[in-house]
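Model, not experiment: these values are computed from the prediction.
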Amino acid sequence: MVEENKIYKEVFILDDKGFFIGSTYLNIDGNQEFNFTTIPPGETFMKPRFDGEKWIEGVDKDEIMLEMLLPVDNSLISSKDFLVLKILEILKKGGMIMDNTWFFKYCMFCWAERKIDESYLDMAKKMNMLDEQQIIMIKMTPRIEEK
């Protein structure tokens, strides 16, 4: 008896919402009890999600940038600063703050106040929220002295 020659192909496994879980090799001719695609996810996505035709970013980059500014431990900043950041978060989520000019000016302020560092600016650049000239201008902004 001759064993069947099965062709195994790399597949990319998806959860119920289309988010990438992992990859494996399998015979795609058979029925599978899970969602998958043979199209590899791009390496630039923070949380790849397959929409049925192509890979898309699965997280809201604006939300991530705001979350990075909002402290996990409220006791690390003054109540006034925390209140300002919460108001900005509400405005952003409500769609009232959308343009790059606002974000650029806000980053400049946060840089001066030492609330963000170069890694934050690098991430903003990768996410196309700031361009190279804006980052240079932010880095040229004088910073308050550390206490």
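Between Ile21 and Leu14, every side-chain heavy-atom pair lies at or beyond the 4.5 Å cut-off. Here the side chains of Phe50 and Ile56 are not in contact, with every heavy-atom distance at 4.5 Å or above. A 4.5 Å side-chain heavy-atom check between Asn35 and Phe19 finds every atom pair outside the cut-off. Here the side chains of Leu121 and Lys139 are in contact, with some heavy-atom distance below 4.5 Å.
Checking side-chain atoms of Trp55 against main-chain N and O of Phe20 turns up no donor-acceptor pair under 3.5 Å. For Glu57 (side chain) and Pro48 (main-chain N/O), no donor-acceptor pair under 3.5 Å exists by modelled atom type.
Rounding to the nearest 0.5 Å gives a distance of 10.5 Å between NZ of Lys54 and CD1 of Ile39. Atoms CG and CZ, from Asp51 and Arg49 in turn, are 7.0 Å apart once rounded to the nearest 0.5 Å. Considering OG1 of Thr24 and CD1 of Ile13, their distance stands at 5.5 Å, rounded to 0.5 Å. Rounding to the nearest 0.5 Å places CD of Glu10 at 10.0 Å from CG of Leu26. The distance from the CH2 atom of Trp111 to the CD1 atom of Ile144 is 12.5 Å, given to the nearest 0.5 Å.
By the 4.0 Å N-to-carboxylate-O rule, Arg143 lies too far from Glu113 to be salt-bridged with it.
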From CA spacing to verdict: side chain to side chain contact (heavy atoms under 4.5 Å, CB included), Cys107, Ile116: CA-CA 8 Å; Cys107 285; Ile116 60 174; 4.1 Å; yes

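Residues Pro41 and Phe12 share a closest heavy-atom pair of CD-CD2, 3.6 Å.
Within 6.0 Å of CG on Asp16 lie no more than 12 heavy atoms contributed by other residues, nucleotides or ligands.
Just one residue in the list Lys105, Glu118, Met108, Gln133 forms a side chain to side chain contact (heavy atoms under 4.5 Å, CB included) with Ile138, and that residue is Met108.
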